[in-house]
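The figures here come from the full heavy-atom set of this structure, side chains too, leaving out hydrogens, waters and symmetry mates. The shown structure was predicted, so the numbers you read here are calculated from the model rather than taken from an experiment. Index from 1, following the sequence.
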Amino acid sequence: MRALPLRPSIALLGVLPLPVHAQAERLAPDRVAAARAAIHPVSSAREMQSWLARVPRTVDYPPDFEAALKGEGSAFVIEMSTAPGCLPCGDLWTKLLALKTRYRLTVRPIGRDEAMLRSGRLGLPWIGHPVAWLRPVSDEARILPIAIGTDHPANLARNIYLGLKMQTGVRAAVGVRAMAKFTGIVAGISNAKGEDRN
């Protein structure tokens, strides 16, 4: 049998099936691309509301929801990253302040450097403002992200409840699964680079 010339042989290699592991590598999602797809930078109120309209609202709460937030909320602090001119930051801040009043929560801003440091400790990509964190008042190291981007008040309240439960002994996997759908509605690139409000 005569050997094929080199060029046609190389062309034939391109149509042969790839080994299974090579096929899986080709189809595996790029982590960076996946992270970018989950982030929705907005530069106008209309764009922010358009993204929010796509986010499902929590409608079912556990029986101890109100009691847990009112009873345990004062032992925790919610801190959020923010920047001037950041529309989702203003939106999230307003919603957190309403929840603060209702459940006696402590809410305060943190700067970009602290937010980036926290993200790095947890292995999260820094995606910009806002990110909201829950931690016990007495322990600055036990931080938990409860919002990446702004969200509906019902979802924020649910995430605060789940964060309280996770911080007080509920199996972490249960809370993480329930909080896994952060909106990723963050400030546009130009707004996120501004000076932080402290």
Side-chain angles (χ1 to χ4, degrees), residues 31-32 34-35 38-40 55 57-58 60-83 86 88-187 192 195-198:
R31 289 183 67 153
V32 174
I39 303 307
H40 312 297
V55 179
R57 286 176 173 82
T58 297
D60 295 319
Y61 294 97
D64 69 334
F65 176 81
E66 289 278 332
L69 281 179
K70 287 181 177 172
E72 299 173 33
S74 61
F76 292 85
V77 59
I78 297 168
E79 297 167 319
M80 68 169 272
S81 67
T82 186
C86 167
C89 299
D91 190 67
L92 181 63
W93 189 254
T94 300
K95 291 168 181 174
L96 286 176
L97 288 178
L99 292 169
K100 169 189 174 177
T101 303
R102 183 170 180 179
Y103 298 114
R104 299 189 298 272
L105 302 167
T106 301
V107 180
R108 63 179 174 222
I110 59 170
R112 176 187 172 92
D113 291 343
E114 177 61 21
M116 289 177 71
L117 186 65
R118 290 178 182 194
S119 294
R121 277 192 209 134
L122 293 179
L124 301 173
W126 172 246
I127 52 84
H129 304 291
V131 177
W133 308 84
L134 176 85
R135 69 169 178 85
V137 170
S138 59
D139 191 345
E140 293 187 15
R142 282 178 49 204
I143 54 171
L144 180 69
I146 58 165
I148 296 177
T150 191
D151 205 335
H152 299 298
N155 298 353
L156 292 169
R158 173 206 62 205
N159 287 0
I160 294 167
Y161 168 85
L162 291 169
L164 293 175
K165 289 298 183 182
M166 289 170 68
Q167 292 274 18
T168 55
V170 169
R171 256 186 47 227
V174 174
V176 169
R177 276 198 306 273
M179 282 200 296
K181 296 183 178 177
F182 294 133
T183 68
I185 302 169
V186 297
E195 297 277 325
D196 289 321
R197 182 177 72 195
N198 281 315

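- Inter-residue side-chain proximity for L144 and Q167 is flagged as met; some heavy-atom pair is nearer than 4.5 Å.
- Residues I160 and L99 form a side-chain contact, since some pair of their non-hydrogen atoms from C-beta on lies under 4.5 Å apart.
- For Y61, the ring pair (Phe, Tyr, Trp, His ring centres under 6.0 Å) partners at least two apart in sequence or on another chain are F65.
- Between K165 and D64 there is a salt bridge, since a side-chain N of the basic residue sits under 4.0 Å from a carboxylate O of the acidic one.
- Summarising the geometry, atom CZ belonging to R135 is positioned 11.5 Å from atom CD1 belonging to I78; distances are rounded to the nearest 0.5 Å.
- Here the side chain of S74 pairs no donor or acceptor atom with the backbone of K70 at under 3.5 angstrom.
- Taking R118 as the reference, E79, E114 meet the side chain to side chain donor-acceptor pair (under 3.5 Å) condition, with sequence neighbours excluded.
- By the neighbour-count criterion of 12 heavy atoms within 6.0 Å, atom CZ of R57 is sparsely surrounded, having that number or fewer from other residues, nucleotides or ligands.
- Nearest approach of A83 to C89, heavy atoms of both residues: N-SG, 3.9 Å.
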Next on the checklist: Using the rule given for side-chain contact (heavy atoms from CB on, under 4.5 Å), can you reason through F76 versus L164, listing the C-alpha separation, both sets of side-chain angles and the distance that settles it, and then say yes or no?
Outcome noted: CA-CA 8 Å; F76 292 85; L164 293 175; 3.0 Å; yes
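- K100 is not listed as a side-chain neighbour of T106, based on a closest heavy-atom distance of 4.5 Å or more.
- Atoms CD1 and CE, from I110 and M116 in turn, are 12.0 Å apart once rounded to the nearest 0.5 Å.
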Next on the checklist: Set out, in order, the CA-CA distance, both residues' side-chain angles and the distance that settles salt bridge (Lys or Arg N to Asp or Glu O under 4.0 Å) for R104 and E72, then state yes or no.
Outcome noted: CA-CA 9 Å; R104 299 189 298 272; E72 299 173 33; over 6 Å; no
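- W93 has its side chain within reach of M80: a pair of non-hydrogen atoms, C-beta onward, lies under 4.5 Å apart.
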Next on the checklist: Let's go through D91 and K95 carefully: what are the C-alpha distance in whole Å and the side-chain angles of both, what is the deciding distance for salt bridge (Lys or Arg N to Asp or Glu O under 4.0 Å) to 0.1 Å, and is it a yes or a no?
Outcome noted: CA-CA 6 Å; D91 190 67; K95 291 168 181 174; 2.7 Å; yes
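- Counted by atom type alone, T82 and H129 present zero donor-acceptor pairs between their side chains at under 3.5 Å.
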Item to check | Intermediate values then yes/no, side-chain contact (heavy atoms from CB on, under 4.5 Å), I143 and L134 | outcome: CA-CA 6 Å; I143 54 171; L134 176 85; over 6 Å; no
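- For S119, the side chain to side chain donor-acceptor pair (under 3.5 Å) test picks out no residue, with sequence neighbours left out.
- Atom OH of Y103 sits about 12.5 Å away from atom CG of L96, to the nearest 0.5 Å.
- Between the side chain of S81 and the backbone N or O of V131 there is at least one donor-acceptor pair closer than 3.5 Å.
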Checklist entry - For L156 and L92, what are the C-alpha separation, side-chain angles and deciding distance, and is it a side-chain contact (heavy atoms from CB on, under 4.5 Å)? => result CA-CA 9 Å; L156 292 169; L92 181 63; 3.6 Å; yes
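- Side-chain atoms of T183 come within 3.5 Å of backbone atoms of T150 as a donor-acceptor pair (strictly under, hydrogens ignored).
- Closest of all the heavy-atom pairs between I146 and N159 is O-ND2, 2.8 Å.
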